[in-house]
There are 2 protein chains.
Amino acid sequence: MVRKVRTRETRQRRLVLETLRATKTHPTAEWIFEHVRERMPSISLGTVYRNLNVLRDEGLVRELRVNGRTAHWDADLSPHAHFVCATCGVIRDVEGVPPLDWRGLKDLVGCEVHHQRIDFHGECPSCLRQQEPSN
Amino acid sequence: MVRKVRTRETRQRRLVLETLRATKTHPTAEWIFEHVRERMPSISLGTVYRNLNVLRDEGLVRELRVNGRTAHWDADLSPHAHFVCATCGVIRDVEGVPPLDWRGLKDLVGCEVHHQRIDFHGECPSCLRQQEPSN
DNA sequence: TTGGTTGCAAATTCTTTGCAGCTCT
DNA sequence: AGAGCTGCAAAGAATTTGCAACCAA
């Protein structure tokens with residue numbers, strides 16, 4: 001988890017980070033790959049995966065595991081919650097959820113908390129509409 | 001996501017649910033497979049996966065995606081938070097975290113929330129001890 | 001009876017990795 | 001110069017699926 005080696009700033013790594021920072025869609029590695037490729041056609045998917053892992057270990061991006069087996073990525077490090085649609089899988093930021101107090105965890109059970117994650121699971125408006133078109 | 005067909009109660013399905021209900025370790029499909037197999041040696045891993053998906057769709061169990069690519073499963077449907085160790089991956093229940101109010105999500109952005117998930121990520125006591133034995 | 005379910009094995013999907021050559025620092 | 005990084009392709013891990021036989025309702 002902790003990276004001991006000094007990392008370099010390559011064009012590939014910079015583009016991966018820039019691309020992720022430029023979106024709020026919590027994309028997959030594949031999506032990032034396709035978008036970086038528009039600016040650097042020679043980049044490979046493996047490099048995108050490797051760089052996402054490096055950036056995650058450096059604390060610059062966050063890996064989201066929500067539903068399904070595909071990881072999603074987020075460069076927004078500010079405390080915020082997510083809404084996940086069970087049907088279409090879309091992930092939306094939810095502002096205004098107050099951070100929880102976790103000091104008790106250290107005192108009670110000895111766990112050291114680095115960050116928290118709050119997800120709401122349900123149905124997004126457009127999926128709701130499609131499910132009950134007559135109601 | 002919504003299952004339209006009538007499901008049956010097979011011995012395999014009952015054993016999967018019983019096994020998951022009998023533990024608080026948030027196990028993987030593989031773990032459940034190994035434990036069900038002690039009581040029913042003929043069961044296959046594919047059947048465990050299929051049954052977990054059926055039970056999830058019926059709302060009887062919950063699929064947890066926390067870290068890594070492996071799904072974990074939980075038959076405890078009561079509202080509770082989790083602590084996830086970034087090093088060893090252990091998942092512990094955290095009691096006493098008050099459920100968040102999500103009514104605003106429906107009013108503000110039209111999302112219908114079915115349930116919420118609260119995870120604390122950090123280091124568990126035993127991993128903390130191993131990381132800093134001298135400090 | 002019959003349609004959901006099973007075991008088996010192959011297929012899929014997502015992610016990681018070995019390697020030889022390249023490039024930041 | 002050299003340690004980290006890349007593209008490529010193959011490997012790996014987790015999960016799903018097609019099929020014929022089976023069995024719960």
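Lettering of chains follows the sequences in order, A, B, ..., and the numbering in each one begins at 1.
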Open item on the list: Quick check for you: to the nearest 0.5 Å, what is the distance between B/D74 atom CG and B/H26 atom NE2?
Closed with: 4.0 Å
Task: Length of the line joining A/R50:CZ and D/dC8:P, which is rounded to integer Å - done: 11 Å
TODO: Could you tell me whether the phosphate oxygens of D/dC8, OP1 or OP2, come under 4.0 Å of any side-chain nitrogen or oxygen in A/S44?
DONE: no
Task: Spacing of A/L15 atom CG relative to C/dC24 atom P, expressed in whole Å - done: 12 Å
Open item on the list: Using whole Å, what does the distance between atom P of nucleotide C/dG4 and atom CG of B/N51 come to?
Closed with: 15 Å
Nucleotide N/O of nucleotides 20-25 of chain D paired with protein N/O under 3.5 Å:
residue: D/dA24; atom: N3; partner: B/R8; partner atom: NH1; Å: 3.3
residue: D/dA25; atom: OP1; partner: B/E9; partner atom: N; Å: 3.4

Open item on the list: Can you see if the side chain of A/N53 gets near the phosphate of C/dT16 - specifically, an N or O under 4.0 Å from OP1 or OP2?
Closed with: yes
Open item on the list: Run the side chain to side chain donor-acceptor pair (under 3.5 Å) test on B/R50 and B/N53 for me, step by step, so that the C-alpha distance in whole Å, both residues' side-chain angles and the decisive distance to 0.1 Å come before the verdict.
Closed with: CA-CA 5 Å; B/R50 266 185 297 229; B/N53 287 339; over 6 Å; no
- [ ] Take the protein atom CG of A/L55 and the nucleotide atom P of C/dT15, then report the distance between them rounded to whole Å.
- [x] 16 Å
- [ ] Specify the separation, in whole Å, of atom CD1 of A/I43 and atom P of D/dA9.
- [x] 16 Å
- [ ] Look up atom CG in A/L52 and atom CG in A/D57, then write down how far apart they are to the nearest 0.5 Å.
- [x] 11.0 Å
Open item on the list: Please report the interatomic distance CD(B/E34) to OG1(B/T19), rounded to the nearest 0.5 Å.
Closed with: 12.0 Å
Task: Per A/T70 side chain, nearest of listed nucleotides D/dT15, C/dG7, C/dT15 - done: C/dT15
Open item on the list: Is there a side-chain contact between B/H82 and B/V66 in this structure, where contact means two heavy atoms from C-beta onward sitting under 4.5 Å apart?
Closed with: no
TODO: Check each of A/L55, A/D76, A/L77 against A/V61 using the side-chain contact (heavy atoms from CB on, under 4.5 Å) test, and report the only one that passes.
DONE: A/L55
Task: For atom CG of B/D57 and atom C1' of C/dT5, their distance in whole Å - done: 15 Å
TODO: Would you kindly compare A/M40 and B/L45 by the position of their nearest DNA chain D nucleotide and give the one closer to the 5′ end?
DONE: A/M40
Open item on the list: It should be established whether A/Y49 places a side-chain nitrogen or oxygen under 4.0 Å from OP1 or OP2 of nucleotide C/dT16.
Closed with: no
Task: Side-chain donor or acceptor of A/R117 paired with backbone N/O of B/H121 under 3.5 Å - done: no
Task: Whole-Å distance separating the CD atom of A/E30 from the C1' atom of C/dT15 - done: 11 Å
TODO: Could you grab the distance from atom CZ of B/R65 to atom OG1 of A/T70, nearest 0.5 Å is fine?
DONE: 8.5 Å
TODO: Would you kindly check whether a donor in the side chain of B/R13 faces an acceptor in the base of C/dG4, or vice versa, at under 3.5 angstrom?
DONE: no
Task: For atom CZ of B/F33 and atom C1' of D/dA14, their distance in whole Å - done: 14 Å
TODO: With heavy atoms under 4.0 Å as the rule, sort A/S42 into base, sugar-phosphate or nothing.
DONE: sugar-phosphate
Open item on the list: Whether the side chain of A/Q12 engages the backbone of A/N51 through a donor-acceptor N/O pair (distance < 3.5 Å, no angle test) should be reported.
Closed with: no
Task: Those residues of residues 61-69 of chain A lying under 4.0 Å from DNA chain C by at least one heavy atom - done: A/R65, A/R69
